[in-house]
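Remarks on the structure that follows.
All values derive from a computational prediction rather than experimental measurement. To find a chain, count down the sequence lines: A is the first, B the second, and so on, and within it residues start at 1. Reckoned from all heavy atoms, side chains included, excluding hydrogens, waters and symmetry mates.
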Protein chains: 2
Amino acid sequence: MTSTSPPVLPQDCDGCPIRHRAVCARCEAEELERLDGIKYYRSFQAGQTVVWSGDRMDFVGSVVSGIATLTQTMEDGRRQMVGLLLPSDFVGRPGRSAAAYDVVATSDLVMCCFRKKPFEELLRETPAVSQRLLEMTLDELDAAREWMLVLGRKTAREKIASLLLIIGRRNATLKLVAGSGPMVFDLPLTREAMADYLGLTLETVSRQISALKREGIIHLEGKRRVTVPDFDGLQAIAGDDSDGGMLV
Amino acid sequence: MTSTSPPVLPQDCDGCPIRHRAVCARCEAEELERLDGIKYYRSFQAGQTVVWSGDRMDFVGSVVSGIATLTQTMEDGRRQMVGLLLPSDFVGRPGRSAAAYDVVATSDLVMCCFRKKPFEELLRETPAVSQRLLEMTLDELDAAREWMLVLGRKTAREKIASLLLIIGRRNATLKLVAGSGPMVFDLPLTREAMADYLGLTLETVSRQISALKREGIIHLEGKRRVTVPDFDGLQAIAGDDSDGGMLV
DNA sequence: CGGGCATTTGAGCGTTATCAATAGGTGTGG
DNA sequence: CCACACCTATTGATAACGCTCAAATGCCCG
């Protein structure tokens, strides 16, 4: 966790890896230029906190590369992750001055930040941006509601399987991996972070992962690299219906 | 639950109880007229299902009066409520043809529905609507994330207290009740519905409510009418920090 | 090699689920 | 009008799942 060189920062939107999925996805050259005028890149090392809950936050932005988490903490220290932010995901809330959650860089992270005030103006004047943001927010809401089912009703085993599926699926989408063959990906989270996401203790997470490994449902190389030989099998364990909510 | 007369339907927006809080809140007369052209009212009796998850849904709309719930169900019957819809709340997702959740009328319910196709057009052309919808969706997302903390990390006792607070607070907002004195409200949910919301069994809900009653934290008249003599005390039990997230 | 951290594994316990019986409330029909 | 069915809610007994506390292992890096 002591990488000393800051991640390389991109300069413009042309080669931006999230150009067509982020909040700017629908922008024309002209609108992009306007966004360009209020944006700046920031990078964080793995483990760094981007903002603390309650702190003043005068930017919003997109994750360009790396992974960040949103977490809530109770007074006595109990923590619940409420968002897992991958490249293209939006951070911050227009119209609010303070952060509602802790935002933490889980890996080295690059963000494309927009100064909040001018971004809010732009939101009022640029339908391409506000409509894209609405769409993304609706997606986030659906994801949050799916997660409520996981937290409220699934067993520890099902929770782990659900998390593996979510990470695997999002990884496949981002990397545009072909659909067949065993699924392989890196867990971007420590056991503790997984526990915070799943509403479990890290011991239970560890035990359940060991059990899945023992049963051959997953294979591990090291602690982080996961292979899923039977995707449908894992879906069955997660309690997902096999067609997995194909909604348009 | 066999009320035979359908609820009275409102006719226009002038006297509409949710005129200034729903998705139409920011509309001028002209925009309101356009909405008027694509809207129709529907009423449901308590217990009726508005739409089934997976069904085609060719409208979106607002709750005008009454209460509805959004629920997800797993194949084996486990259920999780993922939304509690009070007057002014928005139902449905623009850009999606099938319902993602079961929507059920928990009390007698009146909805102001918009035909989906024209509403989507209107969304593209009417910033007053799309921006209001964005704002409401962001609020919903925050509520969902707060609920994730409840589901993932709170004890049964804390969950019950949290639910009572949420219902009490929303009730106070809707009714514009003065802030002092004991809080009184009706539980709009059965024990089973509360269990579905909280990720508990109905037996545990019943036991925890009995415990709070026994300890004098709440009083009950009948099964549904609740009095909370000490609001701060209940907040403490819910595990909320006393200032309760005063974010702007 | 040793310190620090993430992870695994074990033992015992507690909260909540499960199964089951009872109580209360409301509408219906004899 | 009372008996009964039906539904919601309460309460009890027992079991199980996941938490807590504890120790050991592996791993990275100085």
Side-chain angles (χ1 to χ4, degrees), chain A residues 1-4 45-47 74 76-80 104 106-107 150-163 186-215 218-226 237 239, chain B residues 1-4 45-47 74 76-80 106-107 150-163 186-215 218 220-226 237 239:
Chain A
M1 295 294 175
T2 45
S3 62
T4 47
Q45 290 176 7
M74 293 172 67
D76 61 8
R78 281 176 284 174
R79 295 198 307 166
Q80 177 63 52
V104 178
T106 286
S107 67
V150 174
L151 291 172
R153 291 304 188 191
K154 292 196 177 179
T155 63
R157 181 182 172 86
E158 290 168 334
K159 284 179 174 181
I160 297 289
S162 299
L163 179 60
D186 283 318
L187 280 176
L189 302 175
T190 64
R191 300 287 182 264
E192 186 178 23
M194 290 192 251
D196 285 344
Y197 203 176
L198 296 167
L200 297 171
T201 59
L202 64 91
E203 293 94 330
T204 298
V205 170
S206 181
R207 272 186 254 270
Q208 294 294 337
I209 288 182
S210 297
L212 292 176
K213 193 170 57 179
R214 215 178 306 125
E215 298 165 29
I218 60 174
H219 300 285
L220 289 184
E221 293 171 52
K223 304 293 182 195
R224 295 297 186 87
R225 184 158 215 88
V226 179
I237 290 170
Chain B
M1 293 295 181
T2 47
S3 60
T4 47
Q45 290 175 8
M74 292 172 68
D76 61 7
R78 280 176 283 174
R79 295 198 306 166
Q80 177 62 52
T106 286
S107 67
V150 173
L151 290 173
R153 292 303 187 191
K154 292 195 178 180
T155 64
R157 181 183 171 87
E158 291 168 335
K159 284 178 173 181
I160 296 289
S162 299
L163 179 59
D186 282 318
L187 281 176
L189 302 174
T190 63
R191 299 288 184 264
E192 186 179 24
M194 288 192 251
D196 284 343
Y197 203 177
L198 296 167
L200 297 171
T201 59
L202 66 90
E203 293 94 331
T204 298
V205 170
S206 182
R207 272 186 253 270
Q208 294 295 337
I209 289 182
S210 297
L212 291 176
K213 194 170 56 179
R214 215 179 305 126
E215 297 165 29
I218 61 174
L220 288 185
E221 294 171 50
K223 304 293 180 195
R224 296 297 187 86
R225 184 158 218 88
V226 180
I237 289 170

Pair of N/O donor and acceptor under 3.5 Å linking dT9(C) base with R191(A) side chain: no
Between CG on residue D186(A) and OG on residue S107(A), distance to nearest 0.5 Å: 11.0 Å
Distance, rounded to the nearest Å, where R153(B) contributes CZ and dT15(C) contributes C1': 15 Å
Whole-Å distance separating the NZ atom of K159(B) from the C1' atom of dT16(C): 9 Å
Given DNA chain C, 5'-ward residue of the pair L220(A) and V205(B), judged by closest heavy atom: L220(A)
Given dT10(D), dC19(C), dC19(D), the nucleotide with the shortest approach to the side chain of T204(A): dC19(D)
Among dT16(C), dT7(C), dT20(D), the one nearest T190(A) by side-chain distance: dT7(C)
Listed nucleotide nearest any side-chain atom of S206(A), set dT16(C), dT8(C), dT18(C): dT8(C)
Q208(A) CD to dT7(C) C1', straight-line distance once rounded to whole Å: 15 Å
Spacing between K213(A) atom NZ and dG26(D) atom P, to the nearest angstrom: 12 Å
Shortest side-chain distance from L200(A), nucleotide among dT10(D), dC19(D), dT18(C): dC19(D)
Identified side-chain contact (heavy atoms from CB on, under 4.5 Å) partner of S162(A) from the options I237(A), L198(A), L151(A), V150(A): V150(A)
Residue R207(B), side-chain heavy atoms: nucleotide from dG18(D), dT11(D), dT20(D) that is nearest: dT11(D)
R224(A) side-chain N/O to dT7(C) phosphate OP1/OP2 under 4.0 Å: yes
L202(B) CG to dT18(C) P, straight-line distance once rounded to whole Å: 10 Å
From R78(B), K159(B), R79(B), R191(B), residue fulfilling salt bridge (charged side-chain N to carboxylate O under 4.0 Å, His left out) relative to D196(B): R79(B)
Length of the CD-C1' vector between E158(B) and dT16(C), whole Å: 14 Å
Nearest heavy-atom neighbours spanning L202(B) and E192(B): CB-CA, 4.0 Å
Rounded distance in Å - CG (D76(B)) to C1' (dA17(C)): 14 Å
Polar pair under 3.5 Å, donor/acceptor by atom type, side chain E203(A), base dC21(D): yes
Sugar-phosphate only, base, or nothing, as touched by S210(A) at under 4.0 Å among non-hydrogen atoms: sugar-phosphate
Spacing between K223(A) atom NZ and dC5(C) atom C1', to the nearest angstrom: 12 Å
Spacing of Q208(B) atom CD and L200(B) atom CG [to the nearest 0.5 Å]: 8.0 Å
